[in-house]
Asker: 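Here's a structure for you.
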2 protein chains.
Amino acid sequence: MNIGEASERSGLPAKTIRYYEDISLVAPDRADNGYRDYSASDVHRLRFLHRARNLGFSIDECRLLLSLYSDRNRASSDVKAMAEQKLSEIDAKIAELQSLKSALQPLVDCCHGDDRPDCPILDDLAGHGGRRAQVLA
Amino acid sequence: MNIGEASERSGLPAKTIRYYEDISLVAPDRADNGYRDYSASDVHRLRFLHRARNLGFSIDECRLLLSLYSDRNRASSDVKAMAEQKLSEIDAKIAELQSLKSALQPLVDCCHGDDRPDCPILDDLAGHGGRRAQVLA
DNA sequence: TCTTGACCTTCCAGTGACTGGAAGGATTAG
DNA sequence: CTAATCCTTCCAGTCACTGGAAGGTCAAGA
């Protein structure tokens, strides 16, 4: 099948699929007219990539996952370790965003948000927030 | 002061400070020997940038914040609107990460993680997870 | 047969926000 | 005088695409 159909079936944009070929994640056949020709297993691979990317795995991690997937002898513990690491990265990002939020929220809350030029948010960014506690060191 | 001291005082790496000059966020003087010469207000500006970047504002948003900061006539509502938008972006990112987590966690939980090749995580990625619900559509 | 439009190809460049490194000049301490 | 440290510029790489230009191919309709 052509790239358009492979795109539809995998959920990935055609541009992305070509890019994945550039970086050797898929290797479709070529038809006589030069068009890429995707097999069902190519599409399978693309769907795998789509899912794994959606789960937050990097391209290199996807590459590893694909090789583990096709390795009859791999242990599930290898994959589990990667997934667990991903989970802890996700937790760390959530924590970071929440601390960002708790730094920004009080500034928004105490900004009157009217036409006057006085603005606690800018004051804090400037590093002289007056009586208010500094948000960042 | 030289870039090294400006770096220490602002908390930004020298490389980053030079980059900020490239993109016209700061414009230090030059000494006779060609070295950059940072004033106290340059450092002030760099600290402002450092704080704003840490709060999740993009470079372009920082540029805008800086211009609002030096605009005697700006209304605090302008800044508040930006900060509120930032907050909702942060909330959206947190929600996304949490849904990522709730997709990945059950896979990790049900993977036995031993030497056997059977692995629910890869099965799910491959799109044929058996009796388990598919994590992704 | 011709034409239109959809689809495909390659290649180049840009994104955001830096970061690393090479090659070389300036300054400072001993 | 020398060695170490600091500074300079410039180029290239990161990550994972994405946009666009220029042009080839194909299927359907007049």
Asker: Taking N or O atoms only and anything under 3.5 Å, show me the protein contacts with nucleotides 27-30 of chain C, one pair per line.
Answerer:
{"from": "C:dT27", "atom 1": "OP1", "to": "B:Asn33", "atom 2": "ND2", "distance (Å)": "3.1"}

Asker: What side-chain donor-acceptor pairs closer than 3.5 Å can you find for residues 87-94 of chain A, not counting sequence neighbours?
Answerer:
{"from": "A:Ser88", "atom 1": "OG", "to": "A:Gln85", "atom 2": "O", "distance (Å)": "3.0"}
{"from": "A:Glu89", "atom 1": "OE1", "to": "A:Lys86", "atom 2": "NZ", "distance (Å)": "2.8"}
{"from": "A:Glu89", "atom 1": "OE2", "to": "A:Gln85", "atom 2": "NE2", "distance (Å)": "3.0"}
{"from": "A:Asp91", "atom 1": "OD1", "to": "B:Lys101", "atom 2": "NZ", "distance (Å)": "2.9"}

Asker: Which part of the nucleic acid does A:Ile3 contact within heavy-atom distance under 4.0 Å: base, sugar-phosphate only, or nothing?
Answerer: sugar-phosphate
Asker: Measure the distance from CG on A:Asp37 to C1' on C:dC8 and round it to the nearest whole Å.
Answerer: 13 Å
Asker: C:dC12 P sits how many Å from A:Asp22 CG, rounded?
Answerer: 12 Å
Asker: For the residue pair B:Pro106 and B:Ser102, what are the closest heavy atoms and their distance?
Answerer: CD-O, 3.1 Å
Asker: Nearest whole angstrom, please: distance from the P of D:dC7 to the CG of B:Asp32.
Answerer: 17 Å
Asker: Side-chain contact, heavy-atom cut-off 4.5 Å: A:Met82 with A:Phe57?
Answerer: yes
Asker: Do you know the tightest heavy-atom contact between A:Leu65 and A:Ala52?
Answerer: CD1-CB, 4.3 Å
Asker: Exactly one of B:Leu25, B:Leu49, B:Leu46, B:Val43 should register a side-chain contact (heavy atoms from CB on, under 4.5 Å) with B:Ile17. Which one does?
Answerer: B:Leu46
Asker: Search all heavy atoms of B:Ser7 against all heavy atoms of B:Ala14 and return the closest pair with its distance.
Answerer: OG-N, 3.7 Å
Asker: Write down the distance between CD1 (A:Ile23) and P (D:dC15), rounded to a whole number of angstrom.
Answerer: 10 Å
Asker: Distance check, rounded to the nearest 0.5 Å: B:Leu68 atom CG versus B:Arg63 atom CZ?
Answerer: 13.5 Å
Asker: Check whether any side-chain heavy atom of B:Arg47 sits under 4.5 Å from a side-chain heavy atom of B:Ser10, and report yes or no.
Answerer: yes
Asker: Whole-Å distance between D:dT9 P and B:Arg18 CZ?
Answerer: 7 Å
Asker: What's the CD-C1' distance between A:Glu21 and D:dA16, to the nearest Å?
Answerer: 17 Å
Asker: Would you jot down, in residue-number order, the residues of residues 90-99 of chain A having a non-hydrogen atom under 4.0 Å from DNA chain C?
Answerer: none
Asker: Residues in side-chain hydrogen bond (donor to acceptor under 3.5 Å, both in side chains) with B:Gln105, at least two apart?
Answerer: B:Asp109
Asker: With a 3.5 Å cut-off and sequence neighbours excluded, list the donor-acceptor pairs that the side chains of residues 32-40 of chain A form with protein atoms.
Answerer:
{"from": "A:Asn33", "atom 1": "OD1", "to": "A:Tyr35", "atom 2": "N", "distance (Å)": "2.9"}
{"from": "A:Arg36", "atom 1": "NE", "to": "A:Glu21", "atom 2": "OE1", "distance (Å)": "2.5"}
{"from": "A:Asp37", "atom 1": "OD1", "to": "A:Met1", "atom 2": "N", "distance (Å)": "2.7"}
{"from": "A:Ser39", "atom 1": "OG", "to": "A:Ser41", "atom 2": "N", "distance (Å)": "3.3"}
{"from": "A:Ser39", "atom 1": "OG", "to": "A:Ser41", "atom 2": "OG", "distance (Å)": "3.4"}
{"from": "A:Ser39", "atom 1": "OG", "to": "A:Asp42", "atom 2": "N", "distance (Å)": "3.1"}
{"from": "A:Ser39", "atom 1": "OG", "to": "A:Asp42", "atom 2": "OD2", "distance (Å)": "3.2"}

Asker: Report the distance from atom CD of A:Glu8 to atom P of C:dA6, rounded to the nearest whole Å.
Answerer: 15 Å
Asker: What is the separation between atom CG on B:Asn2 and atom P on D:dT8, rounded to the nearest whole Å?
Answerer: 7 Å
Asker: For nucleotides 15-20 of chain C, read 5' to 3', which letter fits each nucleotide if B means a protein heavy atom sits under 4.0 Å from the base, S means only the sugar-phosphate is that close, and - means neither?
Answerer: --BBSB
Asker: Please state whether the phosphate of D:dT25, meaning OP1 or OP2, lies under 4.0 angstrom from any side-chain nitrogen or oxygen of A:Arg36.
Answerer: no
